[in-house]
There are 2 protein chains.
Amino acid sequence: MADSPENFADTIESLKSLGLTKYEALVYIALLKVEGASATEIHEISGVPRASVYPVLDRLVQKSLVTVSHSTPRRYNAAPPDEGIERLLRDIREGADRAREALIAIYEKRSGPDRGSQELIWSIHGDENIRTRIADLALHATESIVAVSSFPFLKRSLLPLLEKTGPDMSVVIITDHWEGKTRDSVTVRLLPAAIHNAKPLSMRDTAGMFIFDQKKALVLMGPEKGPLTALYSESPGFISFFLRYFTFIEEIAGDAP
Amino acid sequence: MADSPENFADTIESLKSLGLTKYEALVYIALLKVEGASATEIHEISGVPRASVYPVLDRLVQKSLVTVSHSTPRRYNAAPPDEGIERLLRDIREGADRAREALIAIYEKRSGPDRGSQELIWSIHGDENIRTRIADLALHATESIVAVSSFPFLKRSLLPLLEKTGPDMSVVIITDHWEGKTRDSVTVRLLPAAIHNAKPLSMRDTAGMFIFDQKKALVLMGPEKGPLTALYSESPGFISFFLRYFTFIEEIAGDAP
DNA sequence: TAAATGTTGTTATAACAACAACAACAAGTG
DNA sequence: CACTTGTTGTTGTTGTTATAACAACATTTA
């Protein structure tokens with residue numbers, strides 16, 4: 001568990017993310033090991049300088065992570081880990097809830113020139129961020145979705161969402177292979193295997209193209225290795241380029257079995 | 001919402017607890033107000049020095065709170081508050097979960113002299129910490145609980161737990177007044193009103209005494225105002241003192257209606 | 001078209017705050 | 001008296017804030 005140096009360092013870092021200083025974390029952990037320890041014992045177990053242990057303990061008592069017996073020498077007990085962590089986390093969670101409300105209020109009255117959105121090309125980094133954006137776009141699409149992507153990526157990004165799209169939605173998917181059933185409104189085309197790896201937008205897991213309502217496009221352009229990257233734009237030029245590319249791909253794709 | 005200075009400061013502090021620096025928080029909030037802002041605009045809205053905005057934005061992009069369009073000038077968009085807060089909070093929560101497991105492993109192999117626990121008197125501060133301790137003690141008690149306390153405090157500390165105690169548990173409660181039904185194993189006695197305010201352990205909300213299994217005692221000794229404080233001990237001397245005090249109180253208490 | 005001006009992006013430096021680390025001393029205890 | 005405990009002050013380190021300066025680029029002006 002926390003025996004190895006990496007795990008121990010991770011525990012310290014996590015406690016610091018929860019608002020403790022390094023010394024506070026070390027002292028709390030030391031106290032979890034021994035019941036009723038004195039400041040000198042805590043110093044010996046934790047490695048925190050003895051003179052520093054006192055103010056650290058005072059702060060931990062203030063944070064209700066430690067209880068004190070005013071004996072001579074003073075002795076201290078740690079709150080059990082469940083309680084301790086929950087206490088720290090709850091404060092942060094409550095603050096986060098308040099911040100979320102405040103920020104939503106700000107976000108909802110965004111103002112100023114709706115500038116650049118429709119002409120700019122945005123970089124999105126990370127598999128999860130990209131999938132979140134795809135999900136958002138799919139759920140807000142009203143007329144059509146076209147997608148060119150590998151089946152694995154489709155499976156973990158777009159496909160689960162097709163259950164939730166409206167009945168008037170037209171969906172066309174071009175992919176490298178297909179499993180499972182499709183709804184009537186979903187058309188699936190297969191690219192011949194020879195085409196997969198011969199084009200810029202090959203069917204490797206890290207490439208793909210999604211167009212929503214013929215107005216919003218997201219293109220996976222990640223490197224073969226490393227974090228996934230996508231470009232997103234509502235620029236008519238960008239859209240029209242990829243719509244043409246899609247039309248070309250569609251002509252050489254075959255029906256799915 | 002975040003319009004008033006106190007709320008704004010609270011939002012900043014909460015974002016800082018979530019791991020952002022002050023500048024990062026200010027920039028993120030500014031970006032929530034305007035879509036597609038340039039660095040200079042962010043500087044104007046947020047008050048963060050223009051030269052500092054750039055590295056701050058880089059870090060926010062790294063944290064996936066902001067997306068960038070590599071236009072000239074570069075333009076930035078904020079992730080919606082829901083997503084942003086959740087992203088920050090999730091990292092902390094996951095770290096907290098790992099830390100909890102690691103700390104429980106440590107706590108469960110506590111070693112060393114079981115020193116002082118049975119002889120020391122421990123200070124517990126705060127209403128909630130005290131009630132948590134009372135709950136823990138009540139749930140682990142196997143034979144008897146005796147309590148002298150005001151009804152309001154009993155109602156929010158011990159009474160909800162009596163539903164969960166074992167059938168062989170003997171419970172005796174002395175209080176200032178009583179409402180509701182009692183289980184057969186619970187004996188309630190009432191102190192005459194004249195006694196309430198004439199003793200050190202008066203029936204004000206901030207005073208009380210709880211003894212579990214005749215081995216563990218918790219005494220509320222809080223000031224009239226300010227945070228509640230309690231002493232807890234398993235010291236035989238401490239226990240016997242309060243058991244004698246309890247016996248005296250019991251002799252002058254009358255049956256509850 | 002060239003020069004002047006303004007904007008953008010980057011880097012370096014100084015100041016500040018908080019924490020870590022250490023030294024020293026007084027008070028209390030055995 | 002020696003040792004332990006508790007407290008305080010100082011120094012060093014780190015990260016953030018705040019500012020200055022400069023180069024490169026873009027736009028405007030003559």
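Excluded from the calculations below are hydrogen atoms, water molecules and symmetry mates; all remaining heavy atoms, backbone and side chain alike, are included. Labels below follow one simple rule: chain letters A, B, ... track the order of the sequence lines, proteins then strands, and each chain is numbered from 1.
Every residue two or more places apart in sequence or in another chain that forms a side-chain hydrogen bond (donor to acceptor under 3.5 Å, both in side chains) with B/Glu86 is listed here: B/Arg93. With sequence neighbours excluded, the residues forming a side-chain hydrogen bond (donor to acceptor under 3.5 Å, both in side chains) with B/Ser240 are B/Arg244, listed by chain and number. Considering only residues two or more places apart in sequence or on other chains, A/Asp136 meets the salt bridge (charged side-chain N to carboxylate O under 4.0 Å, His left out) condition with none of them. Among residues two or more places apart in sequence or in another chain, the side-chain hydrogen bond (donor to acceptor under 3.5 Å, both in side chains) test is passed with A/Lys216 by none. Shown here are the salt bridge (charged side-chain N to carboxylate O under 4.0 Å, His left out) partners of B/Asp91, two or more places apart in sequence or in another chain: there are none. In terms of the ring-ring contact (aromatic ring centres under 6.0 Å, His included) criterion, A/Phe246 has no residue partners (sequence neighbours excluded). The salt bridge (charged side-chain N to carboxylate O under 4.0 Å, His left out) test applied to A/Arg100 returns A/Asp97, B/Asp82, not counting sequence neighbours. Qualifying ring-ring contact (aromatic ring centres under 6.0 Å, His included) partners for A/Tyr107, counting only residues two or more places apart in sequence or in other chains: none. B/Glu83 meets the salt bridge (charged side-chain N to carboxylate O under 4.0 Å, His left out) test with B/Arg87; sequence neighbours excluded.
Residue A/Lys22 places at least one side-chain N or O under 4.0 Å from the OP1 or OP2 atom of C/dA21.
Summarising the geometry of B/Ile12 relative to B/Ala25, their closest heavy-atom pair is CD1-CB, 4.1 Å, with the distance given to 0.1 Å.
For DNA chain C, the neighbouring residues in residues 54-74 of chain A, judged by any heavy atom under 4.0 Å, are A/Thr72. Near DNA chain D, defined here as any heavy-atom distance below 4.0 Å, the residues from residues 42-51 of chain A are A/Arg50, A/Ala51, listed numerically.
Toward the 5' end of DNA chain C, the nearer of the two residues B/Ser52 and A/Thr21, judged by each one's closest nucleotide, is B/Ser52.
Nucleotides of DNA chain D with any atom under 4.0 Å from a heavy atom of chain A span, from 5' to 3', D/dT5 to D/dT8.
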